[in-house]
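Below: one structure, written as structure tokens.
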Amino acid sequence: MNMLRSLTLLAMGLLFGLSVQAQSQQLVIQITQGVDNPIPIAVVPFDWQGFGVLPENVTDVINGDLRNSGEFAPLDQQNMLSFPHQESEVFYRDWRLLGSDYLLVGKISRSANSQLVEVQYELFDVVREMRVVGEVISGTETQLRDISHQISDVVFEKITGVRGAFSTKILYVTSQRESNLVTNYQLNLADYDGGRAQVLLQSQEPIMSPTWSPDASQIAYVSFESTRPRIYVQNLSTGAREQLTDFPGINSAPIWSPDGSKMAMVLSKDGNPDIYVMDLRTRELRKVTTHFAVDTEPSWTPDSSAILYTSEQGGNNRPQIYQVTLSTGWTERVTFEGTYNSKASLLPDGNSLVLIHRYDVNDEFHLAIMNLERGTLRILTNTQLDESPTIAPNASMVMYASKSGGRGILNAVSIDGRVKYQLPIAEGDVREPAWSPFLD
Amino acid sequence: MQNFGLYKLGLAAMLSVSLVACKSTDEEAAAPAAAAPSASSNAAAASNQPSAAELARQRALAKTVFYFEFDKSDLSQEDRDALVYHAEELKKNPSSKIRLEGHADERGTREYNLALGERRAQAVERYLQVQGVAAGQMETISYGEERPAQQGTTEAAYSANRRVEMVK
């Protein structure tokens, strides 16, 4: 019954091996709101059957993942009555007494004649007194965090029916003001929970709009390093970097089509910002919007047939969301409620739109979700100056940036608004999160 | 890895360039004030004292940052008056070039604010063009909300950040 997984983990280690030699500031998750009735689960500390101290605490990482999801309430270790590590040691009665619906146990050992470690885990349904799943995952010690996130993914999916997104990554931008003349900008890559942060690029000129290719092998972003905003593409495994655009004016908001063949972007080379689509193979450029007003912040429909974007064509300083069908050029307005709707992206179901919304001119900017069939709009947050929403690949959470105490922080909120957490950093500002696709 | 090393060197070079540019602007701004006392202390040179018109010109030329209302890209009358003097200078020196850097406050989304900053820089550029300045003498760039002049989430900070900076 036990499966052995190791190859994908080795490949992932290579994928993110390259980074700039610089300190990246760690984001620290703080849960601000969970669901009313989270599922009680007990994660027994995994037994380490080797010498020395492991670089990661597997149990802590899994407990953190389950807690961050807001859907689970992990049992405090101090309250445990027994510490089983495999099925033969499990007494369901103990866990029923403690009110745990599920039980996760495991052990870690060093593989014979190798540098690899093997992590064995088993998940039990306490109420039905049955083993739900179990497997052995092997990898290097430095991959223990990946292995932990993978176990969390399996537990989350087996219990909730939704694929876990704990093995995903985020890109984000940080800035630190050194003086009135000098600000340091960094583009960072980290686990979804802020763990293992590393710097991909640093500059004293702004960095903006990081985004992932659909296969997660490349990223794109806007850098002002030439003193002008230009779009760059960077390969994550080789570090190879290419300047994709050098047009006069604004070059911004790059975003890959879901099929990976094209890049939508904003160029103001004709005098005002318009949406363009570049064929990444031929580098052929096609102008998609031609209105004299500002058009920006493109995002694709899941089938790559149309682009949603922010436009002022309905009136200056009152941006609204529009959608243009690429084959026909047919344009329609999508949002009508409120004085400011921008930076929209569709959930994978194609029916719900996540966007930044301001109702009245003097109201706050909030993250909102709009049901396109019914036309209803719901505000999900009570944070200040919300911007840059990015959707988890399993569509369970949206991460976004806001201001708290005058500083930029990252936040996450579940699609239903029930779960909320923050990801602040110790110094400076953090902003523009970009959640990766699934990495396998 | 080598690429990044070179790149950091490039940034250091760029930074020193911008530091020099700022210094020269400060000196120009300070020049009229420094000249005034020496002129008045010398009675024989009374005729060298700058006229009211000349003082107005120097004051106008010292103004290199132009501020905007929330979500707006309209120039104030005072800024238009100052820009007339800047236009005269630029026309007198056709080889001189300026860079107009547009900025927005942090309210609203970043890419939209990048567009707003560009519109403000273009508003200044167009006004100078109408005054007869050659298009080739000016470059516009927007920093959106990425380079605030002042930190903070107060109205005062926001007003200070909604601006176009003229860099020579």
Side-chain angles (χ1 to χ4, degrees), chain A residues 18 20-22 175 177 180-183 185 201-209 222 224-229 239-241 248-250 252-253 266 268 271-273 294-297 310 312 316-319 340 342-343 356 358 361 365 384-388 401 403 406-408 429 431-432, chain B residues 1-5 7-8 10-19 21-23 68-74 99 101-119 121-122 125-126 139-154 157-158 167:
Chain A
L18 200 132
V20 180
Q21 293 293 320
S175 73
R177 202 177 172 99
N180 281 340
L181 289 173
V182 180
T183 298
Y185 301 85
L201 179 72
Q202 56 181 336
S203 175
Q204 287 180 349
E205 298 288 336
I207 300 169
M208 288 180 75
S209 313
V222 172
F224 285 65
E225 65 198 59
S226 68
T227 73
R228 298 176 180 91
R241 194 164 172 270
I250 289 172
S252 76
V266 172
S268 67
N272 65 295
V294 167
D295 298 325
T296 187
E297 299 171 340
T310 307
E312 280 190 330
N316 264 12
N317 316 317
R318 294 284 186 276
Y340 194 114
S342 69
K343 192 76 182 173
I356 298 300
R358 183 188 65 187
V361 177
F365 294 89
Q384 285 188 314
L385 293 164
D386 297 354
E387 60 182 15
S388 310
K403 280 273 164 132
R407 306 225 333 261
D429 293 286
R431 54 176 177 258
E432 295 202 89
Chain B
M1 281 322 239
Q2 220 169 0
N3 273 346
F4 288 109
Y7 165 45
K8 268 187 248 173
L11 285 172
M14 264 157 40
L15 175 70
S16 58
V17 167
S18 70
L19 282 171
C22 289
K23 191 161 171 277
F68 296 82
E69 296 295 312
F70 177 47
D71 258 355
K72 294 280 177 353
S73 51
D74 309 315
R99 188 173 143 103
E101 301 179 344
H103 299 265
D105 69 35
E106 65 179 356
R107 285 175 289 181
T109 48
R110 287 184 178 266
E111 281 133 353
Y112 177 74
N113 281 337
L114 197 63
L116 192 53
E118 181 180 69
R119 195 153 69 205
Q122 286 173 342
E125 181 187 42
R126 254 180 235 125
E139 183 194 11
T140 59
I141 182 193
S142 175
Y143 283 103
E145 60 173 287
E146 309 302 317
R147 282 196 150 174
Q150 260 186 47
Q151 298 279 78
T153 51
T154 59
Y158 290 160
V167 181

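In this text, all values refer to a predicted model and were calculated from it rather than measured experimentally. A note on names: the letters A, B, ... follow the listed sequences, proteins ahead of strands, and every chain is numbered from 1.
Only the side chain of A:T296 comes within contact range of chain B, with at least one heavy atom under 4.5 Å from a heavy atom of that chain. For B:A157, no part lies near chain A; criterion is any non-hydrogen pair under 4.5 Å. Heavy atoms closer than 4.5 Å to chain A are found nowhere in B:E101, neither backbone nor side chain. For a residue to count as touching a neighbouring chain, one of its non-hydrogen atoms must lie under 4.5 Å from one of that chain's; by this rule A:E432 touches chain B with the side chain only.
In this structure, the side chains of B:E106 and A:R431 stay at 4.5 Å or more apart for every pair of heavy atoms. Counting heavy atoms from C-beta outward, B:Y143 and A:M208 have side chains that stay 4.5 Å or more apart. A heavy-atom distance below 4.5 Å is found between the side chains of B:R107 and A:L385. With contacts defined as side-chain heavy-atom distances shorter than 4.5 Å, the pair B:P148/A:R177 qualifies. No side-chain heavy atom of B:E118 sits under 4.5 Å from any side-chain heavy atom of A:V294.
The minimum heavy-atom distance between B:T153 and A:G406, with the atom names listed, is CG2-CA, 4.3 Å. The shortest non-hydrogen separation linking B:Y112 to A:R318 is OH-N, 4.4 Å. Nearest approach of B:R99 to A:T227, heavy atoms of both residues: NH2-O, 3.0 Å.
Going from atom CZ of A:R228 over to atom OG1 of B:T140 covers 10.0 Å, rounded to the nearest 0.5 Å. The distance from atom CD1 of A:I250 to atom CD1 of B:I141, rounded to the nearest 0.5 Å, is 9.5 Å.
Distance alone, capped at 3.5 Å, is enough to place a donor-acceptor pair between the B:Q122 side chain and the A:G271 backbone.
Between chain B and the options A:R407, A:K343, A:K403, heavy-atom pairs under 4.5 Å are most frequent for A:K403.
A:S252 and B:E111 share no side-chain donor-acceptor pair at under 3.5 Å.
Every residue two or more places apart in sequence or in another chain that forms a side-chain hydrogen bond (donor to acceptor under 3.5 Å, both in side chains) with B:T109 is listed here: A:E297, A:S342. B:R110 is linked by a salt bridge (charged side-chain N to carboxylate O under 4.0 Å, His left out) to A:E387, B:E145, B:E146, counting only residues two or more places apart in sequence or in another chain.
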